[in-house]
Amino acid sequence: MFVRNRSFVLAAMVACGMALPPVSESTAVAAGKSAAKGDSKGPKLTYDDNVRNIFREKCFACHNTEKKTAGLDLTTYSGVMAGGGSGAVIDAGSSGDSYLFSLVSHTAEPHMPPKSDKLPADYLASIARWIDGGALENKGSKAAASKKPKLDFALKGAPIGRPEGPPPMPEGLSIEPAVRTTRGTAPRTVATSPWSPLVAIPGQKQVLLYNTKTLSLVGVLPFPEGVPDILKFSRNGLLLLAGGGRGAASGRVVVWNVKTGERMFEVGDELDAVLGADISADQSLIALGGPGKVVRVYSTADGSLKSTMKKHTDWVYSVAFSPDSVLLATADRNGGIVIWEAQTGREYAVLAGHASAVTSLSWRIDSNILASGSEDTAIKLWEMENGTQVKTWGAHAGGVTSVNFTRDGRLVSCGRDGNARLWDQNGAAKTGYSGFADLPLCVAYCDETNRLIAGDWTGAFRVFDATSGKQVGTLDANPPRLAERLDAASNQLAQRQAEHKKLAEQLAATQAEAPKHRAELEAAQKNVTVAAMNLKTATAAAAKAKSAVDSLSAEIQTTTKFADSLTAVLPILKEAADKSAQAAAKLAGDKDVTAAAEQVKSQYAKKQKQLDDSRRAVVEKKARLEKAKPEVAAAGKRVADSKVAFEAAVKRAVNPVVTAKAALDSSAQFLAQAAHDVRRWKDEIAFQNKIAALAAVQTKEAQLTEAVQTAQASCDAAKAEIAKRQARVAGAQKESESAAAGVKRAQDLVVQLMTEQAAALRQAGALDALLPALNETLGKAEEASRRVPGDADVTTQVTEIKSLIAKKMTELELAKKTAADKPKAIEAAKNQIPPAEKKLADSKAAIEAARQKVAEAAAALQPLADKLAAAKAAVTEGSKTVEAAKKELDGLKPNRTT
Amino acid sequence: MPAITGEKQSGEHSSATSTETSLQHVKPAEIRVFPPDVQLTTARDRQSLIVQARYANGLTRDVTTEAKFALANAALARMDQATLYPIADGSTQLSVECAGLKVTLPVTVKDAKVNLPISFKLDVMPVFMKAGCNMGSCHGSARGRDGFRLSLFGFDPDGDYQRLTREISGRRINLAIPEESLIIQKALGKVPHTGGKRFAEGCELYQTLLSWLKAGAPSDPHEVPKVVAVELFPNGAVLDGKGATQRLTVRAKYADGTDRDVTSLAYYMTNNDVSAAIAQDGVVTAGSRGEAFIMARFSTYTVGTQFIVLPKGLKFEFPKIVENNYIDTHVDNKLKKLRIVPSPLCGDEEFIRRASIDITGTLPRVEDYKRFMQDKSPDRRARLVDELLSRKEFVEIWLMKWAELLQIRTSVNISTKSMLSYYTWLQNKIAGNVPMDQMVQELLASKGGTFANPATNYYQNETDTLKTAENVAQVFMGMRIQCSQCHNHPFDRWTMDDYYGFAAFFSQIGRKPSEDPRELIVFNSGGGEVTQPIGGRVMKPKFLGGAIPDLQGRDRREVLAKWLASPENPYFAKNLANIVWGHFFGRGIIHEVDDVRVSNPAVNPELLDDLGKKFTEYHYDFKRFVKDICTSRTYQSSTEVNPTNAEDHRNFAHAELRRMRAEVMLDCVSVATDTKNKFPGLPVGARAVQVADGNTSNYFLTTFGRATRGTACSCEVRVEPNLSQALHLLNGDTVNSKIQEGRLIERRLAEKKTPQEILDELYIRCLSRRPTEKEHAALNALLAENSDKKQTLEDTFWALLNSREFLFNH
């Protein structure tokens, strides 16, 4: 479902009779007449508003679209009315005849829900009322309201590079936890923002946002739907998605704006927790799956279900859109991975290979490689051209619990061997991260800070430096409430203050005693000088002795080397000398030979002597060296001794005042820190209060807006009523006119009738008078005829006269009759006059009454108009309050020392 | 199964009021308090007590609510609604007084101030059993249910811990908000759960689970003491009339010497819901007359006790009956308890037919019949039994039965030569009256070639280690332990450790080919182990229900054989005795005879015990043992029933009609018609019971359910009548052809026998009796009106052979 705007929700509440504002009485009366019957039983219940939730809680587990136990699907109205394998289950208008009701009310077998207690009495009452009220689907207006595009959240194109602007970070989110428990529990997910130093970790009924650089809590997003089983940032880092819910009861996906903490979408109405979910990079689609084995894709534009994929044979564990929004990868507990076309929901590839549950899926940023981690211990990489496996390696003995690509194409993972690891794409482990208290379950890498965040079974989150593998900190998935923090900080402050006070007293005491100890201190300082001198002398002596030894050693080395070279030369010289001596002996007397021999000999003797000298020198120097060595050792010892003496002297010569001062200074620093903490938490609480206050005034404002709408509606209704009544006056007038006309018509008729009567009487009189004359004429004519028999003219005349008399007789008859008839007609016409007159009088009264009513309605309008005006004024005031609260909040933001 | 509500059944005693009015004015003969002693260890411990009154007429009544409890030192423990709770350490006495009778029992309190943390194995695992979570139809099934699996009845607590806490971490349990853990929500029925609501919020099971979760769902830091025994109290009850109730109390004993009241944690079952229903809070409610075995399961143990329900205020007197031997004593004792009068003795004609068929597998000959009927001595039946036992047919019957148990048959692996030598080996043992223990020991420890030492055929027939172990347990101990291959036996005491420990005896059988390809050489390889699949431990050979023997340098099978066929093995002699008993009564004292388990108890344990003892005493001498059975009054009772025993088919109160088994029937038809059969590999005239090979059969034998010996199961032999059998007898080529083939009528007519004489003979041949007056009259009329005497007599013969009186042993 789409997020309903708040006023809509309020409207619904008002419609349901909650806090209905007083409406002018006449309107209420008018409206109440038609609704009187319904009111006595309360509003009619509908499937959408009332019954579905009951079915959802108690029946959907078996009677849903997928499972359809006994052929019955209660998740839709049409399904309910279609009935199940045994026929219709609802007899609209009669709960007693409805099969469904007889089963849930335990009046017929099999009792439903099976093996459970009967539904609570109020549930049963609601179902009965719903059926008895005609088993309505909804309130008519609601169907039209839904599925209207609200906002186009889709991004044009799906950028994978760094988005423009500063990295999205929470701005002014509350850090007051929604839930605080005594102990943590196993987290199933952790997510890092692709472009910000931000990590989201799941808490109980909340999501916690931490800054990965400072490791401080920067926001809490309440998730009252349950425990988040999956967290994902959108590709641009602007949105955070959480999927989860209550196991075996309900599942849903929520998307927040990371900066403002505003809920953007809520989709899904699963019958079990959502275990895997993702939002496409273009933000147009949200996919989710869970124990229902079905993957559903929703449109973010209007919250409508775009596709339903039924292919997995076991629980869906992981769902991931490719970064280019083209493909959707889903994985299940049985080791199956399926790739779909994201937009159409058509199957693209099936990746077979994992022997056990696939716990995690992650795309490389270029959308070409998908990584999957499985309980079968392997991480596998798949390419998307043909959907083939390109790499697999055993990553964690016992099973991989989580795997994620980093932005630069490396992978981080953790598993049941108790470790987290960083890998290159060839499956070579780069760095290991260990020290978890229990199984590591989820891992994420922060590209911005080169840090790795992993959560373990106990609920502890550790932050590691990704390169060194050293733990740099922890994140608390169960952070303390602000009040607790403030208490702790206050305690800390008090303790620090006490310590500080003690240190200050110590300093004072030391300073007070300073003169008393001055002489001692001076002596001690003198000792230090002496000791320093001694140390210096000793060090110099030691250096001298050492250098002497060193030079002796060098000399010995040189001399030895020289001796060695002579030793090599001497035998040759000796041989030359011997040979030249022999030659000289043979050629005795040869002067040149003798001289040469002599020279050679002397040369030999000289070298011999040199050798002897240097050997002697070596021996002598070695003796000296031997003598010097202990001296060096002794000098070294003296140095060490004097160093000890010096340090002891220094220690003794320390001024206690200085020490005390230093301690006090450092304490002051701590104190400042503690005070700062206290201030910080106070600020935070103030901020939190302001947020709450803002929310309250916003609610108030919404209520006021609602009131305006209601007042406006009442006003409009009253105006309409006036118009209606004015129309009624006009009608009455028209009626009156027609009544007057009726009276006149009746009177005219009487007059006319009487005139006619008179005329008829007159005519009859004339005829009466004429007839004797005619008879006389006839008699005469007959006489003539008798007298002139056969005269044609006379005969003709007689005949003519006869016919004339007959004619006149007839006329007379007629006139007489007419005259005789008229009094009756006149009487009748006269009788018509009083009713017409009465009608006229009535309509006149009606006009008066209608006019009166118009006047009443007009009078009623006034208070409504006043109320509207007041409400409008209140809204303006409320908006101002909201503005003020916002400003106040914004004013506090810079104060927060996070 | 019903959900456990955790609430006490309301008004549980109101229904029993009528019982109390009748019995409560009678002074009981004694009162018994259970358990007989109380040990309270640690602060959470407690012990519920029940008091049962026993009356002189054998009835019992639950008088717990009427009894007065008094502690000698009230500072040590506190009594609340017949349950003791610890206060301080020490020992004292609890005296229980009811209806003027008094019983005292010792009470010890230890570590009264110690509150042990919740243990997963000791405290949480029983919750899953009691709430029914780990039953075979729910999460205990091999693949679990709705995605969650627990081990069947909790045989693998470590695995269960792992699955519950870490298989899908973060789903099933929530340590942050334990109350919202899925496992709790599901069990409470707060979210849809296929299994429905299992328990109520706040009940003991809920509290246990919740406090474990609150403690962080810890696993047990070290080994916890194992349950070593479970006791169910009271030991039997005889309830007076519909609506009477009896509470139970169940106590588990642990390896560290402590015990625990698990009355609220045990899972209760009854094998007869109509007579004695049991609620999950441990209260039995009497229904209609009958007996029931009430069982309680806790940990891997199932224990049971017998409940008898009698009509209210039943008047009953057991008749004076001569008891022939110990068998009758035990049977009658049971019948007295049940208030059943046994049927009288059967007639001599019935007896000679019954005994002949049972002992020798054949009908009595005409001359035997006549001689026996003329014998008027009082011990004629015993002498008949002796005579029948001395015949070679007796040996053949038991040879056939053993051949079935040892599955003697040819197969792909076993040549005819092997099979025959195996059969001959068995024949020598049985005919030579070699004591059973000796024979079984020789068989199980056999080594060498299957030709040279034919007993080794046993290991050629079945080469799978586990199956061999299963067969040995089933045949020689009467137990089907197959279940415990994959999980602890659901209805018995056997755990997987027991199973694999027993199988380990057969893990070192070496097999190698000999020069003759048909021969296999079985030897002791001295190597090879069996591992338990859970945890992969190598199992030390352990006697089933016995000790772990010292096997240093010894052949495992020899050690097993020695133990198995010895009085040390409590099952061996009883199992054989039961098999023999089953043969003579058509129903074992434990039925089926190879389905011994806790939940299928002996209907008369004292009888079975004594039979086993005697069999051992007789040094497994079949003849002596069978004589005991056949001379007992019980065996000789009539099939005629009286109102008290008409409905009973379990306690041997009357003889049952039993269809003859296939081989015996064929032999009897042949004997009656004076014809011969030919079976492959046997001379003409050989009897069906002599067929050595399980694979040899004919249409008749197959139709009447001859065992193929493919498995060691007693269900291989089928004696249920069916339509094809009836049709085969009516129209098939056995009966009619044999009448024609034997030409008996023709010959008798040729011998100038009168039709009356021939009729008499036919009756004696087929039914071991002369025709009745009525039959005589009817048949004579038929003979008189039909000139073809032969035809009429043959028709009569055919009719007799098709009669139920012929087909059934009665």
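Per chain, numbering begins at 1; letters A, B, ... match sequence-line order. From a predicted model like this one, the values you see are computed outputs, not experimental measurements.
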In terms of heavy-atom proximity below 4.5 Å to chain B, should Pro291(A) be classed as side chain, backbone, both, or neither? side chain
Within the distance-only criterion (no hydrogens, no angle test), does the side chain of Arg252(A) pair as donor or acceptor with the backbone N or O of Gly245(A) below 3.5 angstrom? no
Which atom names give the shortest non-hydrogen contact between Asp156(B) and Ser151(B), and what distance separates them? N-OG, 3.0 Å
Heavy-atom distance under 4.5 Å between the side chains of Thr531(B) and Met539(B), does that happen here? no
Give the minimum heavy-atom separation between Val220(A) and Leu208(A), together with the two atoms involved. CG2-CD2, 3.8 Å
Flag the one option from Gly184(A), Gly459(A), Ala249(A) with the top tally of heavy-atom pairs under 4.5 Å to chain B. Gly184(A)
Lys67(A) NZ: over 12 foreign heavy atoms closer than 6.0 Å: yes
Does one side chain, of Thr330(A) or His312(A), offer a donor that lies under 3.5 Å from an acceptor on the other? yes
Chain B heavy atoms under 4.5 Å from Phe60(A): which part of the residue, side chain, backbone, both or neither? neither
Looking at chain A, which one of Pro178(B), Gly147(B), Gly189(B), Ser181(B) has the largest number of heavy-atom pairs inside 4.5 Å, strictly under? Gly147(B)
Do you know which of Ser169(B), Ala217(B), Gly170(B), Gly195(B) has the most heavy-atom pairs with chain A at a distance under 4.5 angstrom? Ser169(B)
Chain B contact via Asn478(A) - which portion, at a heavy-atom distance below 4.5 Å: neither
Among the options Thr194(B), Ile173(B), Thr165(B), pick out the one with the most heavy-atom pairs lying under 4.5 Å from chain A. Thr165(B)
Using non-hydrogen atoms and a 4.5 Å limit, figure out which bit of Lys214(B) sits close to chain A: side chain, backbone, both or neither. backbone
Thr75(A) and Asp73(A) side chains, donor-acceptor separation under 3.5 Å: yes
Between Thr458(A), Asp314(A), Leu439(A), Leu271(A), who has the most heavy-atom pairs with chain B when the cutoff is under 4.5 Å? Leu439(A)
